[in-house]
2 protein chains.
Amino acid sequence: MATIYQVSELAGVSLATVSRVMNNNTKVSDKTKQKVLKAMAELGYQPNSIAQSLASNRSNSVGVLVSELHGPFFGDMMSAIEDTLRLEGKHTIITSGHSDEERERASIEFLIGRKCDALILHAEAVTDEYLLELEVRGIEFVLINRYIQQIENRCIRLDNKQGGYLATQHLIKLGHQKLAYISGPKWKQDAQERLQGHKQALADAKIEFDDALCFEGDYQQSSGAKGLDWLYEHAPQFTCVVCANDEMASGVMTRARQLGIDVPSELSVVGFDNIIYASYLYPTLTTIDYPIYEMGKMAAKYILKQVYEKKNLDIKSVFVPKLEVRDSSIECA
Amino acid sequence: MATIYQVSELAGVSLATVSRVMNNNTKVSDKTKQKVLKAMAELGYQPNSIAQSLASNRSNSVGVLVSELHGPFFGDMMSAIEDTLRLEGKHTIITSGHSDEERERASIEFLIGRKCDALILHAEAVTDEYLLELEVRGIEFVLINRYIQQIENRCIRLDNKQGGYLATQHLIKLGHQKLAYISGPKWKQDAQERLQGHKQALADAKIEFDDALCFEGDYQQSSGAKGLDWLYEHAPQFTCVVCANDEMASGVMTRARQLGIDVPSELSVVGFDNIIYASYLYPTLTTIDYPIYEMGKMAAKYILKQVYEKKNLDIKSVFVPKLEVRDSSIECA
DNA sequence: GCTATAAATGAAAGCGCTTACATTTTAAAT
DNA sequence: ATTTAAAATGTAAGCGCTTTCATTTATAGC
């Protein structure tokens, strides 16, 4: 592998000059620039990015933390980030935290150790204090789907409460009066917010919230099934169920079928996230659209603007969810 | 951020000694080792991995190329690789190639430029020659789901032909005589092999292969629907369809429902891959299990063994697909 | 043509580590 | 105690770049 030294030799200039044409930040006369370019081409020169990083204290890579590497939600998020960053020649290092405090922290520290210029974090388990500490340490980062007031400009988020509201309101408008709810893990911020939205919608419609109609799931498919069973045990009269994500909604539909309950004629189901599979299910799932691709892109743009000094990028931090009506929800019989 | 120099000063030893205890490859007396460890702890020292890489010519990171960052198949593959590598303190840099020759090549070169110690590639579009050239260049790599005879030990793969065979044989055993097939893009090796297996199973059962019963899709959900339409146009009498992946099978089922055709009583459907959503569909999808998680893990192990000199790892390169019978396929009426 | 200034280039000091080689310390053997 | 070999530690030269500062070269004004 050719080094900058060989290029400089072949071109008959100094190292510094070669470096200058590579980074073209300083003026270099056209004539020498051509010489250098020619030499580089001739040698098939590729700068050593490790050396560049060490010398410049810039790694040109941004670290990403997701909960899981699989799953449609994080897949879209990663795609969005990588697509956006790649266009600017930045690299993406992805790690997963598995919604576990210890592992999230380890992943973040790893990314910092790798000298990422910035981090994009979908951090669920780590404390606010830790995140605030990161800022104190001078780490550049942006949060996806998490809100911390003190650093709210670093938070790219969806109005989850509004989403929960929309889902529930939709069913109420269809005439449902007994609504069951399957929540995400209550320690997760988004799960709380979605549930709040649900409660708000009930309140606005003068329907009383009933604990027996609310099950706490874990956002996994299987807990949709578990939740439905639990609900039928505790409160058999509901006519619909709103789920805090699509996976659980899918679990509900599957379980309902096993129980011989028809969706939607006997039970309306609404999800949340609008993952790609929501439209492949039968019946197709009414859900709340989570523009995760757009949000991932925005997070990347935030970094490009703040860290890599790209100007002219408009940053928007709060995204609005939209109701996506499909076949799984109909008027109350 | 503390550097090795400050540690050495605090501990009252030389740089070299500090480096030695970090890498503990050379003997260091217990006493000094303790001193150094203490100093490191006191300073909260974290080695600068960039500097380490530059000096040792080892980045401790392995590059991964997938077709897409999203999608259940690649998600599982990435998870497997990251899980395995992380345990050994190695890092994973993930890029996507979008099944496009140019982009795959760019991604691979990027990873090489990033000084990855090794590459794990799910390369579909790039030529055999290019891959062989990589070996000549001295790049360490392993291929997933691709077979090139000259470097077969570097190929972690599924017996796709056997998979195609099993799927088709399953339907034949159920009494089906008119079998439609929806293939993946024929330029992809796995698509070819799966189709070969299908043909072989037909031949073994003395059923003639019919071009009018074979549609070339693109592995996307939508081409399942397109394929079914095309098939009904060209050869209306078939009783089942085997699809080269689950996404297309899902598309087929959805379209069948729209057309008022019942699955499985009027049309049996079989997929391939056993992605997680296969069991969420209605009816649940009979498919061929692709042990991608195991294969991803194996690819990572291969690298650990070859590049990072971990011994005692058994490498297996060909995996055997298994038939997973569910509700979408039944006896021919 | 000569000076003053700006533009282009070069020299060299790092960036924070690893590692070959040299030196010192320790332990073993006599 | 003395010699000798082995073990532990230190010295210093890189790894391939970037960047500051000094130097040289070109440009303009008179």
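As the structure is a computational prediction, the values presented were derived from the model and not from experiment.
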Peer 1: May I have the step-by-step check of side chain to side chain contact (heavy atoms under 4.5 Å, CB included) for Y302(A) and N153(A), ending in yes or no?
Peer 2: CA-CA 10 Å; Y302(A) 176 93; N153(A) 60 318; 4.0 Å; yes
Peer 1: If you define the side chain from C-beta out and look only at heavy atoms, does anything of D117(A) sit under 4.5 Å from N60(A)?
Peer 2: yes
Peer 1: Is it the case that T92(A) and E82(A) place a side-chain donor and acceptor less than 3.5 Å from each other?
Peer 2: no
Peer 1: Find the distance N25(B):CG to dC17(C):P and express it as a whole number of Å.
Peer 2: 15 Å
Peer 1: Are R105(A) and E109(A) close enough for a salt bridge, meaning some N to O gap below 4.0 Å?
Peer 2: no
Peer 1: I'd like to know if the side chain of D190(A) pairs up with that of Y290(A) as donor and acceptor (distance under 3.5 Å, no hydrogens or angles considered).
Peer 2: no
Peer 1: Using a 4.0 Å cut-off on protein heavy atoms (strictly under), produce a 5'-to-3' string for nucleotides 7-17 of chain D with B for base contact, S for backbone-only sugar-phosphate contact, and - for none.
Peer 2: -SBBB--BBBB
